[in-house]
Chemist: 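Handing you this structure, nothing more for now.
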Amino acid sequence: MVSENVEMYLAYIWDLSQKSSPVKTNDIAKKLDISPASVTEMVQRLAEKGYVNYEKYHGVTLTPKGERIGAKIKRKHRLMERFLVDVIGLDKEESHKEACRLEHTISDESEKRICQMMNNPKTCPDGDPIPSCDEDCRMCISEPSIPLTEVGKGEKATITHLLCEDTGKLRRVIAMGLVPGRNICVEDKLPMGGPIVLNIDDCKIALAKDYARLVHVLPMAKGERIGKAEVAT
Amino acid sequence: MSEVIQVALLGHPNVGKSVVFSKLTRVNAITSNYPGTTVKFQEGRLVTKGKEMVLYDLPGTYGLTGATEEEVVATKLLSEKSPDCVVVIADASRLESGLVLLFQVIELGYRTVFVLNQMDVAKKRFKIDLEDLHSTLKVPIVPTVAITGEGLESLVEVIASDETRETDFKVRYDSHIEEMLVRLSNSVPRHSISYPLRGALLQLLEGNQYFTVQFSPQVKTIAMLERERFREQHGEDIEVHINRDRYGEAGHIITRVVDRIPRPMSRKEKISDLTLRPWPGIPILIGVLLSVFLVVVFVGGFMETVLVSIYSDLTAGFFDWLADEIGGQLGEAVSEALNLTFLSIVAIVIPYIILFYVILASLEDSGYLPRVVILLDSLMRKIGLSGQSAIPMVVGTGCNVPAILSTRVLSSRRERLILATVIILAVPCSAQTVVILGTVGRYNGLLWVAAIFAILLALIIIAAWLMNRAMKEEPIGLMFEVPELAIPRWDNVLKKTFHRTKDFFIIAFPILLVTSLVLELLMTYGLLDQILEPLGFITVGLLGLPEVTIIALLFGILRKEMALQLLVVLFGTANFSLVMTSVQLFVFALVMATYIPCVSAMGVLFREFGTKDSIKITLGSLTIALLLGGAANYLLSAVM
């Protein structure tokens with residue numbers, strides 16, 4: 001188990017190393033607002049454990065092991081910032097503080113799901129890049145988020161994102177109220193590649209497969225409640 | 001205030017804008033129980049308490065970006081006429097999407113009134129806290145039941161009142177979009193935009209070309225860069241996020257103000273659902289289509305017999321008198337042409353076409369047609385058409401003229417052209433059915449009739465498939481809201497029938513009259529025979545028919561079932577089996593069924609598709625009819 005303190009150091013070193021490498025201990029001290037002496041001490045300990053290579057007067061470089069942890073933590077941090085700002089609506093400063101704590105505790109699975117839900121964001125709210133993960137995004141996006149065409153009859157799902165290059169088509173899809181966050185229920189799928197009939201907030205919409213393919217959804221587990229529609233009944 | 005107040009009625013398709021409009025202005029707007037009945041906007045006036053209002057009934061629109069032809073019309077009027085008041089009409093049972101449209105109208109700073117229509121239905125399903133809704137949105141809210149006129153008086157009062165308090169309601173967007181708005185608004189010079197800056201900037205960020213013309217090119221460029229950056233960072237277009245937030249806000253309001261009343265599904269809803277499922281939807285569909293066909297053929301046929309006999313009783317002697325009055329051969333020709341023209345109105349227009357319009361209007365108002373479209377979509381797509389084309393084809397079994405007009409429901413010209421060709425070539429109109437039944441059906445038996453219909457069905461499939469290959473363009477998929485079934489209102493059905501029949505007369509009557517005159521004159525002066533003689537090779541040579549049948553075939557251009565009546569005159573007997581073999585009867589009926597359109601149909605064809613394509617379709621169907629007839633002649637003569 002890597003301690004939070006180590007994770008934090010590695011994340012900062014990783015971030016600084018993106019601008020110039022090796023990283024000077026003075027820069028780390030400035031960034032963390034602590035004395036250079038304690039930084040040096042910490043770096044030496046990190047070097048002992050094999051996370052970094054440290055040469056006096058020259059600086060710090062991450063070992064592959066350290067690099068992996070540093071990038072991972074920074075990824076979680078920036079992803080969480082993005083999530084807190086975009087979805088919950090926290091302001092940037094708050095979200096940064098919150099993310100500093102969450103980056104150490106959030107599980108890899110949650111990180112993955114948030115990334116999917118946010119449709120694989122590339123930058124944090126400040127515009128800094130979110131380090132990419134090792135997995136192939138196409139694999140990740142398609143599971144558990146799937147195109148509407150794959151949803152079975154009678155199943156419920158939440159729209160996660162729209163994938164479309166054609167603005168005209170995209171607008172038509174949006175106009176029908178098919179936007180992320182809304183819950184849908186596939187009422188019927190006509191045979192032989194016919195249209196799909198959806199129920200979205202008590203309104204029935206028929207749409208051809210070529211439109212349904214653009215809408216990506218997260219299926220709900222069976223028996224899960226679909227918003228207010230079922231709470232009342 | 002002596003000025004005229006301009007009022008725009010805006011709302012989603014099928015929420016009852018046109019009903020509100022008709023009730024307020026007494027101007028007839030065509031309404032149906034399916035989306036998209038109003039493609040152009042209508043204008044009507046209304047005077048109340050000394051104030052004059054102009055109302056604009058806009059086509060149904062889901063948003064303000066002009067995504068479809070209807071939306072372009074609605075959006076253009078809003079942005080160009082800038083009405084004094086925008087009445088946003090929503091279906092009270094489907095508030096969420098109505099709110100999203102309302103938000104945008106409010107953002108653009110229009111004086112807004114929010115109408116919750118079809119409140120009677122909604123009341124049974126939901127408890128809506130109008131007070132709370134009003135205090136949230138801070139715009140006047142008027143519940144109505146437009147069809148009975150309930151609430152419309154207070155709507156007019158609200159519009160006419162001078163209350164101009166602006167609402168401070170705002171949709172909250174996610175922090176990126178809000179930041180973007182702040183960044184952008186700093187680069188826009190003060191007072192250069194007549195809309196509220198926030199609303200206009202949102203439209204600009206959405207990439208909307210309307211409401212954003214006043215922005216300088218620099219601001220537009222910045223907005224475009226922001227859009228691109230957003231897409232790069234989020235992997236999604238900004239309009240998706242903007243609308244996500246609008247729906248989020250709407251959903252938030254709904255959870256607060258709307259309470260669902262628990263209740264079981266009503267019988268109407270159950271039937272509505274059943275007609276949508278393949279089972280029993282498709283058997284029901286076949287039943288409905290079959291009964292439409294049978295009603296048109298049998299009720300229409302009965303009405304025709306009755307009307308024609310009344311007509312000939314009433315006009316007995318009149319046309320002889322007219323011919324004498326004018327005098328000579330000219331008199332006879334003119335009077336005969338007039339007689340035939342009126343006869344065709346009595347024999348075709350009134351029994352078949354009006355009857356068909358009544359059925360069509362009832363089907364439209366019942367909300368059943370969208371179900372036809374959905375159920376047949378996959379089948380029609382196999383031959384390169386979309387489900388929407390099922391309706392014109394059904395209409396075509398009554399008469400090709402309204403069928404060609406109703407191809408307008410299709411969005412692309414390509415699909416319209418394919419469909420029109422298929423209808424002209426292979427969908428038998430009621431008159432063609434009469435010819436088939438009156439020849440082959442009467443003398444050869446039902447098997448031969450079935451053979452002709454089978455050939456027509458094959459023709460539909462082959463023709464659509466071939467044209468589709470040649471045009472090389474994917475048909476556009478369907479996407480629309482499915483209305484619930486409703487019982488049609490007879491006044492609306494009659495109103496629609498009246499307007500459509502009027503349109504039909506305006507188009508078809510002059511053509512019918514002129515063509516009859518020309519043909520009659522040619523006949524009378526013996527010119528027709530001179531034209532006919534060289535054509536013997538077609539009837540006798542190719543089709544193996546008696547030479548005189550060419551006259552019947554030619555007159556078939558004027559009126560399809562007249563060919564049958566002319567055969568009687570030409571042969572001097574009503575028993576065709578004495579003068580024609582069963583093969584000849586079959587060939588004759590087959591040619592008549594696939595033959596070129598009648599003049600009325602041709603008239604509409606030219607008007608809808610222009611000269612070039614119409615000539616192609618006409619000559620094409622003539623060629624195919626003759627080839628088919630010839631092939632049938634050679635094959636059957638060899639066998640029998």
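Note that the structure is a prediction, hence the values are computed from the model and not measured.
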Chemist: Of the backbone (N, CA, C, O) and the side chain (C-beta and beyond), which part of A:P129 lies under 4.5 Å from a heavy atom of chain B, both, or neither?
Modeler: neither

Chemist: Which bit of B:E178 comes within less than 4.5 Å of chain A, counting heavy atoms only: side chain, backbone, both or neither?
Modeler: neither

Chemist: Looking at A:E187, A:K189, A:K169, A:K209, which one has more heavy-atom pairs under 4.5 Å with chain B than the rest?
Modeler: A:E187

Chemist: Between A:P121, A:C203, A:A212, which residue shows the highest count of heavy-atom pairs closer than 4.5 Å to chain B?
Modeler: A:C203

Chemist: In terms of heavy-atom pairs under 4.5 Å with chain A, which of B:S93, B:G63, B:P278, B:S97 leads?
Modeler: B:P278

Chemist: Where do A:I174 and B:Y247 come nearest, in terms of heavy atoms and distance?
Modeler: O-OH, 4.1 Å

Chemist: Which is it for A:I200 and B:E96 under the side-chain contact (heavy atoms from CB on, under 4.5 Å) test, yes or no, and what are the steps along the way?
Modeler: CA-CA 10 Å; A:I200 178 163; B:E96 198 158 0; over 6 Å; no

Chemist: For B:K220, does the NZ atom sit with more than 12 other heavy atoms under 6.0 Å from it, leaving out its own atoms?
Modeler: yes

Chemist: Minimum heavy-atom separation for B:D174 to A:D86, with atom names?
Modeler: CB-O, 3.8 Å

Chemist: What are the two closest non-hydrogen atoms of A:V173 and B:M479, and how far apart are they?
Modeler: N-CE, 3.8 Å

Chemist: Is the NZ atom of A:K65 crowded by more than 12 outside heavy atoms at less than 6.0 Å?
Modeler: yes

Chemist: What residue in B:R125, B:H241, B:R231, B:R229 has the most heavy-atom pairs under 4.5 Å with chain A?
Modeler: B:R231

Chemist: What part of B:V240 lies closer than 4.5 angstrom to a heavy atom of chain A: side chain, backbone, both or neither?
Modeler: both

Chemist: Measure the CG-CG distance between B:L376 and A:L190 for me, rounded to the nearest 0.5 Å.
Modeler: 9.5 Å

Chemist: Can you see which heavy atom on A:I205 is nearest to which on B:V482, and at what distance?
Modeler: C-CG2, 4.3 Å

Chemist: Sort B:L375 into side chain, backbone, both or neither according to what part of it lies under 4.5 angstrom from a heavy atom of chain A.
Modeler: both

Chemist: Go through the steps for A:L170 and B:D237 under the test side-chain contact (heavy atoms from CB on, under 4.5 Å), then give the verdict.
Modeler: CA-CA 9 Å; A:L170 183 72; B:D237 284 319; 3.1 Å; yes

Chemist: What's the spacing between A:K204 NZ and B:R371 CZ if we round to 0.5 Å?
Modeler: 7.0 Å

Chemist: Just how far is it from atom CG of A:L207 to atom CG of B:D377, taken to the nearest 0.5 Å?
Modeler: 10.5 Å

Chemist: How close do B:H176 and A:V85 get, counting heavy atoms only, and between which atoms?
Modeler: CE1-CG1, 4.0 Å

Chemist: Go through the steps to decide whether B:R94 and A:D201 satisfy the test side-chain contact (heavy atoms from CB on, under 4.5 Å), and finish with yes or no.
Modeler: CA-CA 7 Å; B:R94 297 171 179 178; A:D201 273 305; over 6 Å; no

Chemist: Crowded around A:E109 CD? As in, over 12 foreign heavy atoms under 6.0 Å?
Modeler: yes

Chemist: Looking at B:I177, B:D273, B:D91, which has the largest count of heavy-atom pairs under 4.5 Å with chain A?
Modeler: B:D273

